[in-house]
Amino acid sequence: MRRRRAGGRTMVERASKFVLVVAGSACFMLILYQYAGPGLSLGAPGGRAPPNDLDLFPTPDPHYEKKYYFPVRELERSLHFDMKGDDVIVFLHIQKTGGTTFGRHLVQNVRLEVPCDCRPGQKKCTCYRPNRRETWLFSRFSTGWSCGLHADWTELTNCVPGVLDRRDPAALRTPRKFYYITLLRDPVSRYLSEWRHVQRGATWKTSLHMCDGRTPTPEELPPCYEGTDWSGCTLQEFMDCPYNLANNRQVRMLADLSLVGCYNLSFIPEGKRAQLLLESAKKNLRDMAFFGLTEFQRKTQYLFERTFNLKFIRPFMQYNSTRAGGVEVGEDTIRHIEELNDLDMQLYDYAKDLFQQRYQYKRQLERREQRLRSREERLLHRAKEALPRDEAEEPGRVPTEDYMSHIIEKW
C-alpha cells in the first residue's frame, strides 16, 4: 500500500514537472515573440511577411481580345533611366485627366535615393539628382509651368531643352535624354469634368499655345465667352462653342501641330487636318516612354514602375467618384459629346488597347521569369540534398541545434 502511494506521488511529481516545463516553454515563447517578433517583420509592419508585389496589381484578363496589332518592340518599355546621368522625365499634363494626382505621386511618392524636397506652403518641390544639384523631372510640381500653362507636345518638345539649359548651364557638356510621359482619360468623362471646372471659373487663358514660334491670333483662336471667365455656363453653351479647346483636347495636345499649320484652320481641308492630327497623336503617344490611363490606376502604377525601374511608396488608389461622375446627362447628350470628341474617342480606343497589351505582355513576362527562378531554386536545392553531408555543408560551420529543445532539456 505504501509502495502504491509512493509510486503515485512520483508519477504526480513527474506530471507536475512536465506541466511546468510545458508552461515555462510557452511563457518563454511568448516573451521571445514579444521581443523578437517585431524585429522579424522582414520589412512589413506587425511581423507579417510582405505581400507579393504582383498581388497589388490586377490579374491580366486571359480572354482579352486585341483590337490593334503592335509588334513586341512597341510593348517592351524597359528603359535604362539614368537619374545620375542626364536623363529627364517630362510630364505632359492634359487638363482633367488626373494629372494633378499623378504629378504629386512623382514628387512625393517615389522611393528615391534623394527624395524631392517638398516644403509646406510651396507649390513646387526640388527634385535633384542624387549626385548633383540638377533636376531629373520636368513637371508642374518640380519646375512649374516653365513652358506655359498646360503646355502641349508641340510646345514642350520645342521649349524644354532651352529651359533646362538656362536652369542648369553646367549640363551643356553632354546632351540630355528626354522621356515624355502623359495620362489619358475617357473622353466623355474628361469633357464633362472640364465643363464643370470651367463652370466654376477656370479659364486657362494664360496658356500660350505656342506653335512655329508664335501664338495664335484672335481670329485663329476666338474666345467662347466675353468677360473674365465663363463661370456658370450651361453644358449646352459649352458644347455649342465651335472654338472650344475642350473638343478633342487630348488629340490636339499630343499631336505635332506644325503639320497642320498650327491653329490656322484654312491651312489644309478640315478632313485632312483631322486625319493628320489623329495619326500624329497616335505616333507621339506610341513613341512616348510611358502613358497611363486614369481609369486604371494600379495598372498605370505597375507600368510606370516597370518602365523606369522606380518604385512608388504607397499604391495608387482608384477613385471612381469624380466630379464628372456626379453629372447626370442623357444618352442624346452623351452621343453629342462623343461626336464633338470623335478624334479623342478614336485615340482613346487605340491607347486603351495598347495600354492593355503592354500590361498583359509585362505581367506574362514577369510571371514566366518568376517560374524560371523558382525552378532553378528547386533544382539547386535538390542538387544540394543529393551531395554528401560533408560536401553540402560549408567548411567551418556547425549545424545549429533546435534552441527550444535545448532550453527544455536544460530546464
Side-chain angles (χ1 to χ4, degrees), residues 43 45 53 56-57 77-151 153 155-157 159-184 288-294 297-319:
D53 184 39
L56 290 172
F57 306 106
R77 276 296 185 273
S78 296
L79 309 173
H80 299 289
F81 178 69
D82 187 6
M83 189 173 290
K84 293 183 178 180
D86 297 287
D87 296 352
V88 181
I89 293 176
V90 182
F91 180 31
L92 194 164
H93 183 173
I94 301 173
Q95 288 96 316
K96 312 315 294 178
T97 58
T100 298
T101 300
F102 185 77
R104 289 198 177 103
H105 278 304
L106 292 177
V107 297
Q108 297 177 350
N109 192 28
V110 179
R111 196 179 302 278
L112 299 170
E113 184 178 338
V114 177
C116 294
D117 184 13
C118 301
R119 301 185 180 183
Q122 294 185 358
K123 294 182 178 180
K124 293 186 294 183
C125 303
T126 302
C127 297
Y128 284 146
R129 303 182 190 277
N131 53 339
R132 61 187 187 274
R133 295 170 64 83
E134 179 184 309
T135 187
W136 58 268
L137 175 65
F138 192 99
S139 73
R140 167 188 177 182
F141 292 117
S142 57
T143 54
W145 301 114
S146 301
C147 291
L149 180 62
H150 286 285
W153 188 91
E155 293 175 291
L156 287 175
T157 52
C159 167
V160 170
V163 168
L164 291 183
D165 285 347
R166 291 190 293 272
R167 285 173 57 97
D168 306 309
L172 293 174
R173 295 187 300 271
T174 54
R176 296 183 183 86
K177 193 169 185 179
F178 298 106
Y179 293 98
Y180 284 84
I181 65 174
T182 194
L183 287 186
L184 295 182
M288 279 186 167
F290 159 85
F291 72 89
L293 298 182
T294 310
Q297 290 292 315
R298 288 290 174 88
K299 290 182 179 180
T300 293
Q301 175 187 348
Y302 175 88
L303 286 176
F304 182 90
E305 290 182 344
R306 270 59 181 182
T307 299
F308 290 100
N309 196 27
L310 294 170
K311 291 287 186 180
F312 289 101
I313 301 169
R314 298 175 300 278
F316 286 16
M317 301 299 293
Q318 186 72 53
Y319 296 107

> For the residue pair F304 and I181, establish whether any side-chain heavy-atom pair is separated by less than 4.5 Å.
yes
> Got a sec: does the CG of N309 have more than 12 other heavy atoms crowding it under 6.0 Å?
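Atom CG in N309 is not packed in, count stays at 12 or less.
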> Measuring from atom OG1 of T307 to atom CE of M288, what distance do you get when rounded to the nearest 0.5 angstrom?
13.0 Å
> Check the pair I89, F308 against side-chain contact (heavy atoms from CB on, under 4.5 Å), reporting the backbone distance first and the verdict last.
CA-CA 10 Å; I89 293 176; F308 290 100; 3.8 Å; yes
> Can you tell me how far the CG atom of L112 sits from the CG atom of N109, to the nearest 0.5 Å?
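Rounded to the nearest 0.5 Å, the CG-CG separation comes out at 10.0 Å.
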> Show the nearest heavy-atom pair for residues R176 and L164, with the distance to one decimal.
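Taking every non-hydrogen atom into account, NH2-O, 3.1 Å.
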> Where do C159 and S146 come nearest, in terms of heavy atoms and distance?
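Looks like SG-O, 4.2 Å.
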> Nearest 0.5 Å, what's the OG1-CG distance between T143 and L137?
7.0 Å
> Using only the SG atoms, decide whether C125 and C118 are less than 2.5 Å apart.
yes
> Start with the C-alpha distance between L183 and T300, add both sets of side-chain angles, then the distance that settles side-chain contact (heavy atoms from CB on, under 4.5 Å), and finish with yes or no.
CA-CA 9 Å; L183 287 186; T300 293; 4.1 Å; yes
> Ring centres under 6.0 Å, that's the criterion: do F91 and F102 meet it?
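Between F91 and F102, the centre distance is under 6.0 Å.
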> Do the rings of H93 and H150 sit parallel, tilted or perpendicular, given the 30° and 60° boundaries?
perpendicular
> Should H105 and F312 count as side-chain neighbours, where that means a heavy-atom distance under 4.5 Å?
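The answer is yes; the side chains approach within 4.5 Å.
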> In plain terms, say whether D86 and R132 are close enough for a salt bridge, that is, a side-chain N and a carboxylate O under 4.0 Å apart.
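Looking at D86 and R132, the cut-off is met.
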> Do T100 and R140 have a side chain donor and acceptor closer than 3.5 Å?
yes
> Write down the atom of L156, the atom of C147, and the distance for their closest heavy-atom approach.
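Shortest heavy-atom separation between L156 and C147 comes out as CD2-CB, 4.1 Å.
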> What verdict does the side-chain contact (heavy atoms from CB on, under 4.5 Å) test give for V88 and Y179, after you've listed the backbone C-alpha separation in whole Å, the side-chain angles of each residue and the deciding distance to 0.1 Å?
CA-CA 6 Å; V88 181; Y179 293 98; over 6 Å; no
> Nearest 0.5 angstrom please: K124 NZ to S139 OG, how far?
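Answer for the NZ-OG pair, K124 versus S139, is 10.5 Å.
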> Going by the salt bridge (charged side-chain N to carboxylate O under 4.0 Å, His left out) test, which pairs reach into residues 97-113, not counting sequence neighbours?
K84-E113
> Could you pull out the closest heavy-atom pair between R133 and Y128, with the gap in Å?
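Reported closest heavy-atom pair: C-CD2, 3.5 Å.
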> Residues two or more places apart in sequence or in another chain: which of them pass ring-ring contact (aromatic ring centres under 6.0 Å, His included) with F178?
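Partners of F178 under the ring-ring contact (aromatic ring centres under 6.0 Å, His included) test: none.
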> Dump the intermediate steps for side-chain contact (heavy atoms from CB on, under 4.5 Å) on I94 and L184, then the final yes or no.
CA-CA 8 Å; I94 301 173; L184 295 182; 3.9 Å; yes
> Give me the atom names and distance for the closest heavy-atom approach of Q108 to R314.
O-NH2, 4.0 Å
> Taking side-chain contact (heavy atoms from CB on, under 4.5 Å) as the test, write out the residues that go with T157, two or more places apart.
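If we apply the side-chain contact (heavy atoms from CB on, under 4.5 Å) test to T157, skipping adjacent residues, the hits are W153, Y180.
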> Given side chains that start at C-beta, do those of F141 and K123 come closer than 4.5 Å, heavy atoms only?
no
> Check this for me, if you would: do R167 and D165 make a salt bridge, where the nitrogen-to-carboxylate-oxygen distance has to be below 4.0 angstrom?
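Here R167 does not pair with D165 in a salt bridge, since their nearest N and O are not under 4.0 Å apart.
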> Hey, mind stepping through Q301 and E305 against side chain to side chain donor-acceptor pair (under 3.5 Å) and telling me if it holds?
CA-CA 6 Å; Q301 175 187 348; E305 290 182 344; 3.1 Å; yes
> Could you tell me the separation between the OG1 atom of T135 and the CE atom of M83, rounded to the nearest 0.5 Å?
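Going from the OG1 atom of T135 to the CE atom of M83 covers 9.5 Å.
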> Can you tell me how far CH2 of W136 sits from CG of L106, rounded to the nearest 0.5 angstrom?
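Answer rounded to 0.5 Å: 6.0 Å.
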